[in-house]
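Everything on this sheet refers to the single structure shown next.
Within every chain, numbering begins at 1; the chains are lettered A, B, ... in the order of the sequence lines, protein sequences first and strands thereafter.
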Protein chains: 2
Amino acid sequence: MDPGCTCELCELRELFFDKLEGAHLDIVCSGRVEKTFGKGETIIKEGTLIRDFIYLKSGLVKLYRTDNAGKEQIITIAKPYDYISLLSVFSNDRYQYSVTALEDSVTCNLDMKDVRKMAGENGSLALNLLKHMSRVADKIILDSLDIRKKHLRGRVAYLLVFFSQNVYLSPEFDLPLSRKEMADYVGMTTENVIRTLSEFRRDGILKIYGKTIRIVNMDTLKSVAEFG
Amino acid sequence: MDPGCTCELCELRELFFDKLEGAHLDIVCSGRVEKTFGKGETIIKEGTLIRDFIYLKSGLVKLYRTDNAGKEQIITIAKPYDYISLLSVFSNDRYQYSVTALEDSVTCNLDMKDVRKMAGENGSLALNLLKHMSRVADKIILDSLDIRKKHLRGRVAYLLVFFSQNVYLSPEFDLPLSRKEMADYVGMTTENVIRTLSEFRRDGILKIYGKTIRIVNMDTLKSVAEFG
DNA sequence: TATCATATGTGATTTGTTTCACAACAGGTC
DNA sequence: GACCTGTTGTGAAACAAATCACATATGATA
């Protein structure tokens, strides 16, 4: 094994490469490339050829599509463990969506050919990939159905609860999205996102300092997220 | 090989089981069960344990979720080659959605344990499964984003074009969905589906005889589907 | 520091969609 | 045939959300 390989220290190792040994471990260790992206930088551009198998080691990213009118539709927000470039990669030549860093992020990239080869030779790796792709796809589909049936207040509340509870684990956090991006995610206009946030502020549910949000009344916000 | 096995005649064989041989082929041949469902019958019920790996041999089905208020949200409509119970099956114990036959349908069922075992032992089968899951998930996600950004007229037009061009391959066909189900699919109310259909009729885009639809002006309908 | 572009914020108006109320019709069943 | 129950159909009123118009901040840059 390559003595310089640090994969055995990788927190994400068990996600896929738990059972690797011998030649396969070498492929991963010597073939992988880490890349760093600053906030706002593009990691994947819609329409480009898929060459790498990419997963997120740290940071936060958005997956989105741009329609012919230039309007962005955010598909999902993903953090490490969530995001792996699984959508499309086994069925398509080209990416069907773009990925941009919402916070400074680090990805680990492997050659797609190697991953395909290993998946074909190593059953437990293949099953791991199936499990993860299934999980990612389910989450995106079910979340999207959830959002779709909510009204504006419910959608904004849902987003805030998501950031607070799933990403930052704190009632106070800096929004990684602009108001416009929030609108792109939940399918409403920028003005209405702003208006809804102001409403929540007036209702005493939260405090707003620019991008910084402090959730004062989490219970109310959660119930708006669920039933609104 | 079991002399009674007819898998080699199955039109869907190459979807997954192209490269099977020996013991694996036996597992498929002797373990598979075909089931027939009449129009309206439930094939999979949300929340039940996933035991089988199921794919559609013939017919047409809807995948949907029922929310706590009892309202159905249709996730997708699938025909043979589209539908395989891939969503969830590798990541979950239980189905996250229900499946009901829209037309008389036949499924081929395999024991999930066998499929998992074979995928772990046969690389090309695993890659096939990855490819199909990826394709199915992509389609559902991208279609759903497409629908979301359309207005009512565009959504109804999209549905009609889908049935005409992707399912029945004819400008005249019997709608397999009630007005209410169409509404559940595209996320609008039954009344508005009916109203929109009436509008299309008044505009001379189509003729309606109950469930039978005849598209008179396909070009207009398509452009409504795309831009409306 | 001045300037520009972009993001945030608010109100009034218009549009799109749902809700409600009701009628006509079809298919099953007693 | 008479009676349900559910589906289809239409219109008017109520509501939600988008659009438009404008003001104010913020951040980058010359």
Check the distance between D:dT8's C1' and B:Tyr209's OH and give it to me in whole angstrom.
17 Å
Please state whether the phosphate of D:dA18, meaning OP1 or OP2, lies under 4.0 angstrom from any side-chain nitrogen or oxygen of A:Asn192.
yes
Do the side chains of A:Lys139 and A:Asp143 get close enough for a salt bridge, i.e. N-O under 4.0 angstrom?
yes
Do B:Met188 and B:Thr196 come within less than 4.5 Å of each other through their side chains, counting heavy atoms only?
yes
Measure the distance from NZ on A:Lys180 to P on D:dT19 and round it to the nearest whole Å.
13 Å
Can you find an N or O donor on one side and an acceptor on the other, under 3.5 Å apart, linking the side chain of A:Arg195 with the base of C:dG11?
yes
Length of the line joining A:Arg179:CZ and D:dA25:P, which is rounded to integer Å
15 Å
Closest nucleotide of DNA chain C for A:Gly210 versus for B:Glu191: which of these residues is on the 5' side?
A:Gly210
Any side-chain heavy atom of A:Met182 within less than 4.5 Å of one from A:Leu175?
yes
If you measure from the Lys or Arg side-chain nitrogens to the Asp or Glu carboxylate oxygens, is any gap between A:Arg65 and B:Asp146 under 4.0 Å?
yes
Could you state the atom-to-atom distance from NZ of A:Lys211 to C1' of D:dA25 in whole Å?
13 Å
CG of A:Asp184 versus P of C:dT8: gap in Å, rounded?
12 Å
What does A:Arg153 touch in the nucleic acid at a heavy-atom separation under 4.0 angstrom: a base, only the sugar-phosphate, or nothing?
nothing
Whole angstrom value for the distance that separates C1' of D:dT7 from CD1 of B:Ile208:
14 Å
Nearest to the side chain of B:Leu152, which nucleotide is it out of C:dT17, C:dA7, D:dT10?
C:dT17
Report yes if a side-chain nitrogen or oxygen of B:Ser198 is closer than 4.0 Å to either non-bridging phosphate oxygen (OP1 or OP2) of D:dT10; otherwise report no.
yes
Calculate the interatomic distance between A:Ile194 atom CD1 and D:dT24 atom P; express it in whole Å.
16 Å
Side-chain touch A:Phe200/A:Leu160, heavy atoms, less than 4.5 angstrom
yes
Atom CZ of A:Arg155 to atom C1' of D:dA17: distance rounded to whole Å?
10 Å
